Engineer: 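The structure is given below, and queries will be raised subsequently.
Everything numeric here is computed off the predicted structure, so don't read it as measured data. Just follow the structure's listing: the first ligand is 1, and inside any ligand the first atom is 1.
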Amino acid sequence: MINSLRGFRDILPPESDLFARIEAAAREVFGLYGYQELRIPTLEKKELFVKSTGDTTDIVEKEMYAFTDGGGREIANRPEGTPGVVRAYIENNLGQTGRNGKYFYIGNMFRAERPQAGRYREFEQIGAEHIGNPSPFADAETITMLVRLLEKVGAGGCTVVLNSLGCGECRKAYREVLLAFLRARAEKLCEPCRGRIERNPLRALDCKIDGPALAETAPKLTLCPACAEHFAKTQELLKISSVSCEVNPSLVRGLDYYTRTVFEVRSSALGSQDAVCGGGRYDDLVKSMGGPAAPAIGWALGVDRMAMLLKDKPAADNGPKAFVIAASKEAGNKSFELITALRAAGLSADFSNFELSLKSQMRSADKSGAAFALLIGEDELKAGAVALKPLKEKGDQFTVPAAEAPAKLKELLKL
Ligand code: ATP
Ligand code: MG
């Protein structure tokens, strides 16, 4: 018996159905907002993540599934989607299409973290990236889209937390102030933070160990006038689209490329892994990766955590409409013909094994969640008929001509 890897899991029905529901809702919402799908590879050059996500981030420093392939190439399983989208944008000259650079992706990500509830080594993200628009209208639009998606899937009780990290200019001055503050407390910091404050002092504020305490006492960033205006306008627009947010100056996010607006969606229903979605503006990333000057904003939603939030919401009944039963050995072919006709008419239909006993097939029908059992036995075979038996509601079995069975079933089910 070979088991799955630690931190990797099977998503079984009915949970798999929740995933599909979330994905379907996302596709619908993306359509409303003019987003197109980008399907990017799972494997990329490791360097892509080191340069974009950042070499002082947890993701790159500790969590990457990186390896050297047979040809000696340094490769990584993607830990997040943005670097791949940005690479694809540059590599395929997507900035020159003349269209809005609005892309979404749906795919699995890999991070070698300590597995626990809501934290897996392979997990799914739905992500949106709007590349080429520096305006606060884009910030407000993308956050509004995210909130509408949460509403659509029925994830209540979520809070949107918002902050601005300013631009390179605002951060230059802040870096020095923060670094002085951190140096003075260096011996109290965790080992990894002590090692990286010189290279990236902001990272300490996002540290799972030191972050919460530091955030309260650390000096706060002062935005330059342009960044302050951008942030104020973003909030003003979010009011117009009826999105309520909580501004939290301690929100710094764990990735290197963020500028200006950053946000997170949290749900207290999730316990300690409470972040459902994270995102922000990355105005310099595309250029720094060798592309055109294309300011951008995006977010990534954790589908596994979202599914946890929806666990108690029963999925729409996904049993078949009809369960076909061959009540005698000779009825197999006719039953097979019937199930073919039902499906051709757009009715979901299933059967177990026409070679088994009536009793056994009936038991399967009951377990399937089907609305009706459709039986063909000796009598029906002779008469060219089908017997319909309601399984979910009370009612007697009755017979219809075989050719009329699909239409009759539709009528009964009000389809
Ligand atoms: P966290 O603080 O929980 O580690 P993060 O800041 O690392 O989250 P992001 O990189 O912003 O997360 O990813 C966006 C979303 O992806 C998260 O809000 C979360 O819902 C989900 N996510 C991240 N890591 C995991 C994981 N290991 N397992 C399941 N979902 C995850
Ligand atoms: Mg993380």
Side-chain angles (χ1 to χ4, degrees), residues 5-9 11 15 18-19 22-23 26 49 52-54 56-65 76-86 104-129 142-143 146-147 149-150 153 155 157-163 165 192 202-212 215 248 250-258 261-282 285 297-311:
L5 291 165
R6 188 168 127 82
F8 291 74
R9 65 189 183 129
I11 295 158
E15 201 189 354
L18 279 180
F19 276 63
I22 297 165
E23 289 163 9
F49 304 108
S52 54
T53 312
T56 57
T57 59
D58 278 353
I59 292 179
V60 169
E61 223 172 31
K62 301 191 285 200
E63 301 168 359
M64 275 236 283
Y65 274 100
N77 270 293
R78 59 182 182 197
E80 57 145 340
T82 305
V85 170
V86 167
F104 76 88
Y105 59 85
I106 298 178
N108 290 9
M109 306 296 155
F110 302 82
R111 297 183 194 176
E113 309 191 66
R114 192 170 73 78
Q116 51 198 292
R119 196 175 288 290
Y120 312 101
R121 291 182 168 175
E122 180 178 15
F123 58 97
E124 182 178 324
Q125 282 187 342
I126 295 176
E129 314 287 357
T142 201
I143 297 170
L146 170 60
V147 169
L149 171 57
L150 297 172
V153 296
C158 289
T159 312
V160 182
V161 186
L162 191 68
N163 191 22
L165 298 178
L202 206 61
R203 186 64 52 243
L205 300 181
D206 190 54
C207 170
K208 293 264 188 308
I209 303 161
D210 297 324
N248 184 343
S250 313
L251 179 71
V252 290
R253 307 274 308 128
L255 310 165
D256 270 5
Y257 47 66
Y258 286 125
T261 313
V262 288
F263 50 95
E264 219 164 77
V265 175
R266 296 176 187 156
S267 169
S268 53
L270 284 175
S272 52
Q273 267 64 59
D274 66 347
V276 181
C277 180
R281 191 163 260 296
Y282 50 96
L285 181 63
I297 185 162
W299 49 255
L301 177 129
V303 183
D304 303 70
R305 289 185 199 172
M306 183 64 124
M308 287 169 79
L309 279 181
L310 302 179
K311 239 193 201 125

Engineer: If you count the atoms of ligand 1 from 1 in the order shown, which ones are under 4.0 Å from a heavy atom of Cys277?
Structural biologist: 18 (O)
Engineer: Indicate the atoms forming the closest heavy-atom contact of Arg121 with Arg114, along with that distance.
Structural biologist: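 In this case the closest contact between Arg121 and Arg114 is NH2-CA, 4.4 Å.
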Engineer: Tell me, do Val86 and Tyr257 make a side-chain contact under 4.5 Å, heavy atoms counted?
Structural biologist: no
Engineer: Report yes if some heavy atom in the side chain of Glu80 is under 4.5 Å from a heavy atom in the side chain of Leu255; otherwise report no.
Structural biologist: yes
Engineer: Identify the protein heavy atom lying closest to atom 4 (O) of ligand 1, giving its residue, its atom name and the separation to 0.1 Å.
Structural biologist: Arg119 NH1, 2.9 Å
Engineer: By number and element, which atoms of ligand 1 are closer than 4.0 Å to a non-hydrogen atom of Val276?
Structural biologist: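 Taking each heavy atom of Val276 in turn, ligand 1 has 18 (O), 20 (O) under 4.0 Å.
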Engineer: With heavy atoms under 4.0 Å as the rule, classify the contact between Arg253 and ligand 1 as side chain, backbone, both or neither.
Structural biologist: side chain
Engineer: Does an N or O anywhere in Asp304 fall below 3.5 Å from an N or O of ligand 1?
Structural biologist: no
Engineer: Provide, to 0.1 Å, the distance between atom 20 (O) of ligand 1 and the closest protein heavy atom, together with that atom's residue and name.
Structural biologist: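 Heavy-atom neighbour on the protein nearest atom 20 (O) of ligand 1: Ala275 O, 2.8 Å.
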Engineer: Considering the heavy atoms of Gly118, write down every atom of ligand 1 situated less than 4.0 Å from one of them.
Structural biologist: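 Under 4.0 Å from Gly118, ligand 1 has these atoms: 28 (N), 29 (C), 30 (N).
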Engineer: Among all protein heavy atoms, pick out the one at the shortest distance from atom 28 (N) of ligand 1; state its residue, atom name and that distance to 0.1 Å.
Structural biologist: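 Protein heavy atom at minimum distance: Tyr120 N, 2.9 Å.
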Engineer: With backbone taken as N, CA, C and O and side chain as the heavy atoms from C-beta onward, which portion of Arg305 lies under 4.0 Å from ligand 1: side chain, backbone, both, or neither?
Structural biologist: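 It is the side chain that gets close, since no backbone atom is under 4.0 Å.
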Engineer: By number and element, which atoms of ligand 1 are closer than 4.0 Å to a non-hydrogen atom of Glu113?
Structural biologist: 24 (N), 25 (C), 26 (C), 27 (N)
Engineer: Report, in ascending order of atom number, the atoms of ligand 1 lying under 4.0 Å from any heavy atom of Gly302.
Structural biologist: 15 (C), 16 (O), 20 (O), 21 (C)
Engineer: Below a 4.0 angstrom heavy-atom separation, can you tell me which part of Gln125, side chain or backbone, both or neither, approaches ligand 1?
Structural biologist: side chain
Engineer: Does an N or O from Arg111, backbone or side chain, lie closer than 3.5 Å to an N or O of ligand 1?
Structural biologist: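 The answer is yes, given that Arg111 and ligand 1 share an N or O pair closer than 3.5 Å.
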Engineer: Which protein heavy atom lies closest to atom 22 (N) of ligand 1, and at what distance to 0.1 Å?
Structural biologist: Phe123 CE1, 3.5 Å
Engineer: Can you see which heavy atom on Tyr282 is nearest to which on Ile297, and at what distance?
Structural biologist: CE2-C, 3.8 Å
Engineer: Taking the side chain as everything from C-beta on, heavy atoms only, tell me whether Trp299 gets closer than 4.5 Å to Val265.
Structural biologist: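 Answer no - side chains too far apart.
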Engineer: Please give me the minimum heavy-atom distance between Ala275 and Arg305, naming the atom from each residue.
Structural biologist: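 Heavy atoms only, the tightest pair is O-NH1, 2.8 Å.
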Engineer: Using a strict cut-off of 4.0 Å, indicate which atoms of ligand 1 neighbour a heavy atom of Ala300.
Structural biologist: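 Those atoms are 14 (C), 15 (C).
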Engineer: Does Arg9 pair with Asp304 as a salt bridge, N-O distance under 4.0 Å?
Structural biologist: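 Yes, charged N to carboxylate O under 4.0 Å.
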Engineer: Working to the nearest 0.5 angstrom, can you tell me the gap between Leu301 CG and Glu124 CD?
Structural biologist: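 Answer rounded to 0.5 Å: 9.5 Å.
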Engineer: With a cut-off of 3.5 Å and sequence neighbours excluded, list every side-chain donor-acceptor pair involving residues 104-112.
Structural biologist:
residue, atom, partner, partner atom, Å
Asn108, ND2, Glu122, OE2, 2.9
Arg111, NE, Pro79, O, 2.9
Arg111, NH2, Pro79, O, 3.1

Engineer: Is Asp58 salt-bridged to Arg203, cutoff N-O under 4.0 Å?
Structural biologist: no
Engineer: Which atoms from ligand 1 have a heavy atom of Lys208 less than 4.0 Å away?
Structural biologist: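 Those atoms are 1 (P), 2 (O), 4 (O).
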Engineer: Can you find an N or O of Gln273 that's nearer than 3.5 Å to an N or O of ligand 1?
Structural biologist: no
Engineer: Can you find a pair of side-chain heavy atoms, one from Val252 and one from Val262, that are under 4.5 Å apart?
Structural biologist: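 No, side chains not in contact.
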